[in-house]
Every structure is written in structure tokens, then in C-alpha cells.
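Order of the sequence lines sets the chain letters (A, B, ...), proteins ahead of strands, with each chain counted from 1. Just so it is clear, the model here is predicted, and its values are computed rather than measured.
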Number of protein chains: 2
Amino acid sequence: MAWHPTGFDWNRARAFLATAQEGSFSAAARALKTSQPTVGRQVAALEAELDVVLFERVGHGLVLTPTGADLVEHIRSMDEAAHRVSLVAAGQSVSLDGPVCISTSQIEAVYTLPPILAGIRAKHPGIEIEVLVTNQTSDLGRREADIAIRSFRPTQPELFARKIKDGAAHLYGSHAYLEQLGNPSTAEELSRANFIGFNRDDTLLQGFNAMGLSLSQDNFGVISENQLLQWELTKLGVGICVMTEEVGDAEPLVRRALPSLSPFRFPLWLTTHRELSTSRRMRVVFDLLAEGLA
Amino acid sequence: MAWHPTGFDWNRARAFLATAQEGSFSAAARALKTSQPTVGRQVAALEAELDVVLFERVGHGLVLTPTGADLVEHIRSMDEAAHRVSLVAAGQSVSLDGPVCISTSQIEAVYTLPPILAGIRAKHPGIEIEVLVTNQTSDLGRREADIAIRSFRPTQPELFARKIKDGAAHLYGSHAYLEQLGNPSTAEELSRANFIGFNRDDTLLQGFNAMGLSLSQDNFGVISENQLLQWELTKLGVGICVMTEEVGDAEPLVRRALPSLSPFRFPLWLTTHRELSTSRRMRVVFDLLAEGLA
DNA sequence: AGTCTGCTATTCAAGATTGAATGGCTTGGC
DNA sequence: GCCAAGCCATTCAATCTTGAATAGCAGACT
């Protein structure tokens with residue numbers, strides 16, 4: 001049973017790690033939800049405790065000393081272990097009450113999720129829901145989110161995923177704009193239209209062309225990552241854009257640009273960390289999401 | 001730079017680990033050099049933070065829940081990383097002032113070390129020396145000690161070792177006792193004597209017999225791990241015992257029991273952790289020890 | 001040059017944490 | 001069956017930590 005505890009204060013180590021990661025005491029304080037003087041003092045205390053110089057104070061900003069760089073490496077592995085702790089703990093959590101963070105796309109967040117979330121809240125008022133709206137896939141492993149709605153199956157074995165359905169997406173345009181294009185009825189005719197895209201990647205272009213269209217970069221007059229902006233622009237007749245069937249067909253201002261075109265098919269996956277899938281709270285939210293999205 | 005800090009208090013995790021390792025809040029408090037209420041509260045706070053039950057409070061003592069057992073595993077790996085941190089930090093330590101812990105045997109501690117330590121203290125008053133007197137080889141990796149004096153070369157690659165010398169040990173007995181035995185001049189005659197040994201292991205016996213003696217368990221009337229006790233008993237004429245040449249020859253009450261017998265040969269190694277060998281303070285102590293022991 | 005923003009260091013009162021002492025409990029030994 | 005030892009929970013005063021506010025400073029931008 002003889003066990004020697006580490007001599008230094010672990011929280012100070014965490015303050016140091018945050019500072020090293022974020023680049024300044026102030027930023028670290030924001031990340032740790034504490035104040036800049038506190039972080040500064042904790043790091044100073046750690047330096048005194050370990051009798052090493054971690055940062056070179058150079059007026060504006062800090063710069064890690066070589067020693068500090070050595071140490072931050074090991075503290076990072078403390079942090080990784082800490083993340084595993086919080087992951088397992090969340091999975092073992094006994095109470096239904098508590099936070100759940102859901103990561104999803106803008107479209108789902110705005111058009112699909114609200115009624116589902118309302119239902120969850122009504123049924124389980126103790127569950128606090130945070131929605132992380134992002135197009136990038138959040139890191140479930142790092143617990144930026146607990147549950148993610150994704151359009152692909154995750155590859156990591158530590159993630160648990162359930163396929164909800166196969167969704168369909170079509171090209172939509174406003175009635176006015178399609179009129180202006182002469183109500184195109186073939187892919188060729190539609191290829192003269194303006195399109196609204198995500199980015200300038202070629203992959204999107206190739207996707208369109210694989211469906212029979214023949215588009216080039218010139219077709220994309222407006223680019224935005226923001227799907228809501230895309231959709232508003234589409235409703236205003238600025239161009240053609242891809243939208244899920246559910247949202248697109250429900251919008252009276254627009255119609256399918258080329259009904260004969262076969263739809264984009266994409267799966268919908270609900271994903272969580274395997275550790276979390278044993279938590280009652282996560283399980284409840286996961287199942288209600290699955291039910292609502294189906 | 002987006003970095004998500006772990007939500008829970010790392011020091012509380014450490015308190016929990018200590019409790020799990022030591023078996024009780026009180027013992028953990030002793031290990032952490034804090035008080036029992038503090039540890040109890042920190043563990044309770046961690047339970048609240050993680051919303052998990054870590055211990056089953058069952059009157060006397062605590063018992064880990066399965067959840068707690070899961071978590072302690074991960075926190076242990078935090079602790080391992082923490083140990084690496086303190087190790088590297090000690091290696092990088094800038095100041096000569098500070099503590100050094102030396103692990104050694106009783107004989108060295110009492111007969112050889114004092115003048116050397118006095119010399120170190122006189123030369124470097126800022127260095128605080130702690131001596132861990134133990135026959136068991138202390139765990140340098142876990143930093144129970146910084147420097148160890150050992151009679152074998154360590155096998156772990158992370159340890160740094162320097163061979164100081166080859167020592168010699170002989171069999172010693174008091175003048176009176178040897179007289180009483182009839183001043184034995186052969187191994188056979190000496191084999192009738194009482195011997196004072198460390199333990200009832202056969203290895204010691206085999207060592208003696210390999211040198212020409214023919215001893216059995218019956219020869220060992222007194223057993224003790226305590227070398228000083230062995231030596232005092234020897235001086236009082238209770239039996240024969242093995243002692244280093246330096247100590248044995250310097251003691252007027254005893255003489256070599258069988259001068260013709262070739263001595264035990266054993267190396268003397270000074271060992272430290274590789275990380276520490278770059279610390280100025282450790283280096284200074286290490287070198288002065290090596291010089292004094294040679 | 002001048003302004004603006006964002007950073008660190010310091011101060012001091014408010015707040016949180018700590019630990020000695022105590023009470024109540026359980027276990028193990030006589 | 002009783003006693004002693006060891007443990008956990010609670011209390012409350014002393015201590016330590018925290019954070020809002022402030023001052024001072026270094027770069028970026030106009």
C-alpha cells in the first residue's frame with residue numbers, strides 16, 4: 001500500500017497546460033473558466049514548486065522554455081488520461097439530470113431538431129441540452145460533444161453509431177428563378193444556372209456532374225459554408241442549391257429544379273462514444289433523437 | 001488552439017486515487033500530508049462533479065464501487081504521467097538548493113555515509129539530504145529515492161549507474177567467541193559455529209557453502225534483517241557474521257574468523273534516474289557520494 | 001505619430017478551502 | 001460482553017485562494 005503521491009499540485013499543472021495550449025494566461029483563463037490572475041499565479045506557483053522556469057516573460061505574450069516544452073508533453077498525457085476519466089464517468093453517471101451536448105449541422109439544427117428537443121425537454125426537464133452547430137465533425141473522443149448527427153458512419157471503433165434512415169436531397173430553386181431559366185427540363189438546360197455551393201472544392205462539382213449535369217466553377221456565383229444563408233439566397237432566387245427533401249418540399253417559395261433527376265442519397269447516423277452509450281441520460285437522449293429523426 | 005479542458009478538479013482526482021490506494025480517507029490524508037476531512041470532502045466533491053458513486057460507505061472503511069474501480073485505473077495513469085513530470089522537472093531544476101533523497105543499507109548509512117554527508121552539507125548548505133535506510137531496493141522510478149547505493153547493477157534502462165568499486169566482505173567473530181570455538185583454522189572447524197543471518201532463505205546458505213563451509217539451517221541461531229543488530233550481536237560473541245572489510249577490520253572487538261578464506265566480493269553501484277542525472281544538484285551529490293565511497 | 005487592442009502584474013475585499021477538535025460508529029481482541 | 005483502536009462526518013475559526021478593478025506595457029493598424 002505504500003504509495004508516493006506526486007509532490008505538485010495537479011490543478012496547477014492543468015493551468016500550465018491550458019496556458020501552453022492557448023498561448024496566454026488570459027486565453028487559458030477563458031478556457032478554464034477562471035480569471036487571468038488566477039492562472040498566472042498558479043503557473044508561477046508551479047514554477048516555484050518544481051523549481052523550473054516554464055515561460056519566458058517577454059512583455060506581450062509568453063514563450064515556452066525548452067524545459068516547459070519538455071514538461072507540457074507529459075502533462076498533456078495527464079490530460080488525456082483525465083479525458084478518459086470524464087468519459088468513463090459520464091458513461092457511469094447515475095442521474096438522468098445533467099448536460100448533454102449534441103453536435104449537428106445547421107440545417108438539422110434549425111429545421112429538424114427544435115421539435116425533437118422540445119419533446120426531450122418536456123419529457124425530461126432535468127436534462128440540459130447544448131447544441132453545437134457546426135459543419136465540421138466534432139471530436140467525440142475529446143468530448144467536444146456527446147452525441148453527433150452525421151451523414152456518414154464513423155470509422156473509429158470506440159464510437160457507437162446507429163443508422164437512422166436514408167435521406168434524400170434534391171436541387172431546389174425559387175419559382176421565379178426557375179421561370180427565368182425557362183423552366184429547364186433537362187440536365188443540360190439546368191447547367192446554365194447559378195448554383196450556390198459550400199466551398200470551392202472539386203468534389204462537390206464532381207458530385208453534380210456525376211448526376212448528369214455539366215457544371216464548372218463558373219456556375220458557383222455564391223459560396224458559403226452557412227447552409228441557412230444558402231437557403232435564404234435560394235428562396236430569393238439567387239441560384240440553385242441542394243437541400244434535404246423534408247426542408248425543400250416544405251418551402252412554398254421553391255420547387256425541385258429538375259424533378260426527373262434522381263435524388264442525392266445520404267444516410268443519417270447517430271453517433272456517440274461507446275463509453276457514453278451505457279449512460280442512462282445519454283441513452284435516453286440518443287433514443288429520443290433516433291425516434292424523432294426517423 | 002481550441003482546447004477543451006477537463007471538467008473536473010484534478011486535485012480531487014488525486015485525493016480519490018490516494019484514497020483508493022491507501023484504503024481510507026485517513027491514510028490518504030497522511031499520504032497527501034493533509035487532513036482527513038479535506039480528503040473526504042474532496043472525494044465527495046469529485047463524486048458530485050462526475051455524478052458517480054465512487055465508494056460504498058460501509059461503516060468502517062470504504063469499498064470501491066465497480067465504477068470507482070474503473071475510474072481509478074485511468075486516474076492512475078494520470079498519476080504515472082505526473083510522476084514523469086516531477087522526474088523531468090527535478091532533472092531540469094535550476095537551483096542547487098533543495099532536497100535529495102538517498103537510499104542505502106543500514107551498514108553504509110551508519111558506518112560509511114556520515115562523514116560523506118557531513119562533507120556535502122558543509123560544502124553545499126542549501127542541499128537538504130534525506131536518507132532512506134532500507135534493505136529493500138527502493139523504487140527510483142517512482143521517486144521514493146533520488147539516488148541509491150546498491151550492490152548490483154540495475155537492469156532498468158531508465159536508470160543511470162556508475163560502479164564505484166569492488167568491495168570485500170569477510171566472516172567476523174569476536175575474539176572471545178573465536179577463542180571459545182578453539183580458534184578454528186579450517187572451514188570444517190568453523191562450520192560448527194553459530195552464524196547470524198538475514199533470513200531463512202536458502203540462497204544465503206548456498207553462498208556460504210559455495211565457499212567451502214558446510215552449514216545448515218541449524219547454524220543460524222539468530223536471524224535479523226537488521227544489520228546493526230547482527231553486528232552488535234557479533235561483537236558480543238553470539239556468532240559469526242558477514243561484514244564489509246572496512247567496518248569489520250576497524251572494529252577492535254572482532255577479527256576475521258577464517259583469514260585464509262577468500263573474501264566475498266561485491267560491487268558497489270551508485271544509481272540514479274537518467275532524468276535526474278542532468279540535474280546539477282543531483283549531479284553534485286552523486287559525484288560527492290562516488291568520491292566518498294571510493 | 002497616434003490610437004487601439006490585448007496582454008501581464010498587482011491590489012484588496014469577498015469567498016472558498018482547510019484542519020483541529022469532537023462525536024458517533026464499527027471492528028477486533030481479551 | 002466489554003474495551004480499545006481506528007475510521008468517518010460535522011463544526012467553526014483561521015487561512016488561503018480567488019476575481020474585479022486597475023495600471024502599465026508591447027505590438028498592430030490607421
Side-chain angles (χ1 to χ4, degrees), chain A residues 1-3 5-65 67-69 71-72 75, chain B residues 1-3 5-65 67-69 71-72 75:
Chain A
M1 278 300 145
W3 174 77
T6 26
F8 63 91
D9 186 304
W10 283 13
N11 282 335
R12 290 173 180 169
R14 187 177 51 162
F16 166 55
L17 175 61
T19 307
Q21 298 272 11
E22 300 290 328
S24 77
F25 290 154
S26 310
R30 282 191 293 272
L32 293 173
K33 300 189 207 306
T34 178
S35 68
Q36 167 260 318
T38 298
V39 176
R41 277 182 298 229
Q42 286 185 334
V43 171
L46 185 67
E47 287 185 315
E49 231 169 12
L50 300 178
D51 189 21
V52 293
V53 180
L54 297 171
F55 289 109
E56 212 67 59
R57 267 79 166 176
V58 46
H60 165 80
L62 313 173
V63 53
L64 264 182
T65 61
T67 297
L71 289 179
V72 82
I75 296 178
Chain B
M1 277 299 146
W3 174 77
T6 31
F8 63 90
D9 185 305
W10 284 15
N11 281 336
R12 290 172 180 169
R14 186 177 54 162
F16 166 55
L17 175 61
T19 306
Q21 298 272 12
E22 300 290 329
S24 77
F25 290 155
S26 311
R30 283 190 292 272
L32 293 172
K33 300 190 207 306
T34 177
S35 69
Q36 168 260 317
T38 298
V39 176
R41 278 183 295 230
Q42 285 185 334
V43 171
L46 185 66
E47 287 184 316
E49 229 168 13
L50 299 179
D51 188 20
V52 138
V53 180
L54 298 171
F55 289 110
E56 212 67 58
R57 268 80 166 178
V58 46
H60 165 78
L62 312 173
V63 53
L64 264 181
T65 61
T67 297
L71 290 179
V72 81
I75 296 178

Show me the protein contacts with nucleotides 19-23 of chain D, counting only N or O atoms at under 3.5 Å.
unit_1: D/dG19; atom_1: OP2; unit_2: A/T34; atom_2: OG1; d: 2.4
unit_1: D/dG19; atom_1: OP2; unit_2: A/S35; atom_2: N; d: 3.4
unit_1: D/dG19; atom_1: OP2; unit_2: A/S35; atom_2: OG; d: 3.3
unit_1: D/dG19; atom_1: OP2; unit_2: A/T38; atom_2: OG1; d: 2.9
unit_1: D/dG19; atom_1: N7; unit_2: A/R41; atom_2: NH2; d: 2.8
unit_1: D/dG19; atom_1: O6; unit_2: A/R41; atom_2: NH1; d: 3.0

Interatomic distance where CZ belongs to A/F25 and P belongs to D/dC25 [whole Å]: 19 Å
Taking only residues two or more places apart in sequence, or in another chain, which ones meet B/E56 in a salt bridge (Lys or Arg N to Asp or Glu O under 4.0 Å)? none
Using modelled atom types and a 3.5 Å cut-off, is there a donor and acceptor pairing between side-chain atoms of A/E47 and backbone atoms of A/L54? yes
Atom of A/A28, atom of A/A18 and distance for their closest heavy-atom approach: CB-C, 3.7 Å
Point-to-point distance, once rounded to the nearest 0.5 Å, from CZ of B/F8 to CD1 of B/I75: 6.0 Å
Separation of atom CD in B/Q42 from atom C1' in C/dG19, rounded to whole Å: 12 Å
Without decimals, in angstroms, what is the distance between B/L32 CG and C/dG19 P? 10 Å
In whole angstroms, the gap separating P of C/dT8 from CD of A/E22 amounts to 12 Å
Could you tell me how far apart A/E47 (CD) and C/dT8 (P) are, to the nearest whole angstrom? 13 Å
Each stem that DNA chain C is part of, given as range with range (3 or more consecutive Watson-Crick or G-U pairs, under 3.5 Å): C:1-30 with D:1-30
Counting only heavy atoms and a strict 4.0 angstrom limit, can you tell me which residues of residues 8-17 of chain B come near DNA chain D? none
One should read off an interatomic distance between B/D9 CG and B/L50 CG, to the nearest 0.5 angstrom, of 10.0 Å
What does A/S26 touch in the nucleic acid at a heavy-atom separation under 4.0 angstrom: a base, only the sugar-phosphate, or nothing? base
Tell me, do A/T67 and A/V53 make a side-chain contact under 4.5 Å, heavy atoms counted? no
Using atom CZ of B/R30 as one end and atom C1' of D/dC7 as the other, report the distance to the nearest whole Å. 10 Å
Ring pair (Phe, Tyr, Trp, His ring centres under 6.0 Å) pairs touching residues 13-53 of chain A, sequence neighbours excluded, are A/F16-A/F55
For the pair made of CG in A/L46 and C1' in D/dT17, what is the distance, rounded to whole Å? 16 Å
May I have the distance from B/L62 (atom CG) to C/dT27 (atom P), rounded to whole angstrom? 13 Å
Side chain to side chain contact (heavy atoms under 4.5 Å, CB included) between B/N11 and B/R14: does it pass, once the steps are laid out? CA-CA 5 Å; B/N11 281 336; B/R14 186 177 54 162; 3.6 Å; yes
What distance separates B/E49 CD from B/D51 CG, expressed to the nearest 0.5 Å? 11.0 Å
Which value, rounded to the nearest 0.5 Å, describes the distance between A/L32 atom CG and A/T19 atom OG1? 7.0 Å
If a pair satisfies salt bridge (charged side-chain N to carboxylate O under 4.0 Å, His left out) and one of its residues is in residues 26-41 of chain B, list it, with sequence neighbours excluded. none
